[in-house]
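Every value quoted in this text rests on a predicted model; they were computed, and no experiment measured them.
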Amino acid sequence: NRSSDLELDKITAKTNWNCFLCEPEMCPAPLRVRQDWHQRVQALFAAPDPIEYDPLVIPPPLPLAERRPIRVLSLFDGIATGYVALKNLGFDVELYVAAEIDCDAVRVSSVHHSDITHLGDVQKISRKKLNELGPFDLLLGGSPCTELSVANPQRKGIYEGSGRLFFEYYRIFEYLKPCEADSCSHNGSRPFFWLFENVMSMTSNVRSTISRFLQCSPVVVDAFQVSAANRRRYFWGNLPGMSRSLVPLPGDRVTLQECLEPNCGRTAQFNKLRTVTTKQNSIKQTKAALFPVVEELGIDDAPPRGDILWCTELERVFGLPKHYTDVNNMSKQNRQRLIGQGWSVPVVRHLLSPLKDYFKCVTALPSAEATS
């Protein structure tokens with residue numbers, strides 16, 4: 001009624017509403033930010049699926065003498081962040097086959113990794129072609145998330161548009177995975193591993209659909225623990241130790257200041273970035289769209305000015321080598337688009353590292369951090 005509306009207006013006018021996570025100093029003393037609030041949010045989104053799945057069978061580690069170079073098929077490969085992570089871990093990569101239709105992404109990966117075999121459109125990969133190139137030890141993939149993310153109000157879901165490309169991953173996964181009997185295994189005696197990734201901001205129905213087809217529940221992994229940006233993602237797979245905690249390695253750049261170009265008068269205004277996407281404004285922080293960096297102009301009496309991240313700095317945030325996307329005079333917008341579509345290299349490195357107990361490794365190449 002009208003009197004209730006008036007009372008509500010009075011309360012709203014007198015109450016100073018503040019988010020104690022965003023502005024803890026503006027809130028009453030009893031409220032304190034939990035130090036583990038990131039993990040609690042992850043646990044909330046990682047609620048179990050309605051169906052309880054049988055534990056995935058993980059093969060036992062192989063003796064050193066039996067470990068062979070790894071053979072990889074990467075669907076929706078992007079700029080080959082999976083390959084970068086494998087090389088940083090020191091894997092001996094015998095074959096890396098990539099399916100990608102973005103010409104700019106293919107150009108970037110081809111310039112840096114001439115040994116990658118490109119197949120083009122994942123929808124055109126036939127069983128005959130897989131038989132010609134196989135066997136494969138590792139299947140990687142993360143189908144486009146545009147139609148799955150709740151951030152897109154016009155999303156079509158998993159059965160329409162680019163959302164249905166998940167089923168292309170599933171089609172190839174079903175063919176490559178070993179049967180229970182070794183006699184019908186595509187790989188024979190070779191262990192087979194797989195990993196599928198997508199955004200955490202999907203509906204529970206979409207998550208349950210993916211889990212039902214892949215017959216396992218996802219784990220939530222957030223890049224903020226090993227990089228300078230928040231990036232929560234769902235990962236499905238049979239890699240050993242997927243749910244273990246992320247631990248930054250020596251040389252990992254875990255704060256934004258560490259990612260900025262040195263000796264350029266640039267100062268980070270935030271310790272961590274929010275999730276960086278393909279959109280230009282995603283680099284600006286908070287609802288107020290604040291610049292993440294303040295830059296000294298080096299001119300007398302000129303005040304510092306706000307600035308967005310340079311492409312080399314954004315590459316460091318994602319664990320990529322410096323100038324990795326600086327190919328063919330590509331525009332800044334395209335470089336951010338390719339980086340924003342990709343995986344965080346430290347996260348993929350974390351997930352793939354247990355495979356060193358199964359496949360041959362050589363001396364590790366310098367990490368992305370060391371070459372930056």
Side-chain angles (χ1 to χ4, degrees), residues 18-26 33-39 41-42 81 84 88 221-233 246-326 331-333 335-350 367-372:
N18 294 97
C19 174
F20 76 95
L21 287 178
C22 301
E23 302 178 63
E25 69 280 357
M26 297 292 292
V33 178
R34 292 181 182 271
Q35 295 302 311
D36 62 343
W37 71 269
H38 290 90
Q39 290 86 343
V41 171
Q42 288 188 30
T81 49
V84 173
N88 283 350
V221 183
D222 193 341
F224 90 98
Q225 294 171 304
V226 289
S227 74
N230 291 277
R231 196 171 184 82
R232 300 182 186 92
R233 291 293 185 268
L246 274 77
V247 178
L249 299 181
D252 281 346
R253 301 172 187 265
V254 297
T255 65
L256 181 56
Q257 187 62 48
E258 295 176 273
C259 298
L260 301 184
E261 288 292 340
N263 307 316
C264 292
R266 295 170 65 77
T267 304
Q269 296 296 96
F270 300 87
N271 194 41
K272 303 279 188 181
L273 294 171
R274 66 179 184 179
T275 301
V276 178
T277 69
T278 58
K279 297 181 180 178
Q280 289 293 300
N281 62 359
S282 68
I283 293 182
K284 293 186 177 181
Q285 304 299 295
T286 75
K287 293 182 178 180
L290 302 177
F291 286 105
V293 176
V294 167
E295 183 178 37
E296 297 286 347
L297 299 179
I299 303 174
D300 292 341
D301 300 327
R305 69 175 182 183
D307 195 12
I308 60 174
L309 294 182
W310 296 347
C311 288
T312 53
E313 297 168 340
L314 192 56
E315 287 166 344
R316 288 195 187 105
V317 169
F318 278 72
L320 294 165
K322 187 176 180 179
H323 296 301
Y324 186 77
T325 56
D326 189 5
S331 68
K332 182 177 181 179
Q333 290 75 16
R335 290 176 68 181
Q336 180 184 333
R337 177 180 62 83
L338 293 179
I339 296 170
Q341 288 175 339
W343 290 346
S344 173
V345 173
V347 168
V348 185
R349 180 195 67 200
H350 162 81
S367 67
E369 293 82 7
T371 58
S372 300

Would you name the heavy atoms of Val254 and Pro248 that are closest together and state the gap between them?
CG1-CB, 3.9 Å
Minimum-distance pair of heavy atoms, taken over all atoms of Gln336 and Thr277
NE2-O, 3.3 Å
Before giving the answer on side chain to side chain contact (heavy atoms under 4.5 Å, CB included), spell out for Gln257 and Thr267 the whole-Å C-alpha distance, their side-chain angles and the decisive distance to 0.1 Å.
CA-CA 7 Å; Gln257 187 62 48; Thr267 304; 3.9 Å; yes
Partners meeting side-chain hydrogen bond (donor to acceptor under 3.5 Å, both in side chains) with Arg233 (sequence neighbours left out)
Glu197
Val226 to Pro346 - nearest heavy-atom pair and separation:
CG2-CB, 3.7 Å
Inter- and intrachain pairs under salt bridge (Lys or Arg N to Asp or Glu O under 4.0 Å), touching residues 277-295, at least two apart
Arg266-Glu295, Glu295-Arg305
Rounded to the nearest 0.5 Å, the CG atom of Asn230 sits from the CD atom of Gln225 at a distance of 10.0 Å
In sequence, state the C-alpha distance, the side-chain angles, and the governing distance for Val347 and Asp222, and then conclude on side chain to side chain contact (heavy atoms under 4.5 Å, CB included).
CA-CA 8 Å; Val347 168; Asp222 193 341; over 6 Å; no
If you compare all heavy atoms of Phe291 against all heavy atoms of Phe270, which two are closest, and at what distance to 0.1 Å?
O-CE1, 3.7 Å
Let's go through Glu313 and Ile283 carefully: what are the C-alpha distance in whole Å and the side-chain angles of both, what is the deciding distance for side chain to side chain contact (heavy atoms under 4.5 Å, CB included) to 0.1 Å, and is it a yes or a no?
CA-CA 12 Å; Glu313 297 168 340; Ile283 293 182; over 6 Å; no
If every non-hydrogen atom of Arg274 is compared with every non-hydrogen atom of Thr286, which pair is closest and at what distance?
NH1-O, 3.9 Å
Tell me whether Glu258 is salt-bridged to Arg316, with the criterion being a basic N under 4.0 Å from an acidic carboxylate O.
no
Interatomic spacing from CZ in Phe318 to CG in Leu338 - rounded to 0.5 Å:
11.0 Å
Can Val276 and Ile339 be said to form a side chain to side chain contact (heavy atoms under 4.5 Å, CB included), step by step?
CA-CA 9 Å; Val276 178; Ile339 296 170; 6.0 Å; no
Could you check Gln285, Gln269, Lys272 and say which one makes a side-chain contact (heavy atoms from CB on, under 4.5 Å) with Pro292?
Gln285
Just to verify, which of Thr81, Thr312, Leu314 counts as forming a side-chain contact (heavy atoms from CB on, under 4.5 Å) with Leu320?
Thr81
Could you state the interatomic distance from OG (Ser331) to CZ (Arg337), rounded to the nearest 0.5 Å?
8.0 Å
I need the Cys259 SG to Leu273 CG distance, nearest 0.5 Å.
8.0 Å
For the student: nearest non-hydrogen atoms of His323 and Arg335, plus distance
CA-NH2, 4.1 Å
Less than 4.0 Å between a side-chain N and a carboxylate O, is that true for Lys322 and Glu261?
yes
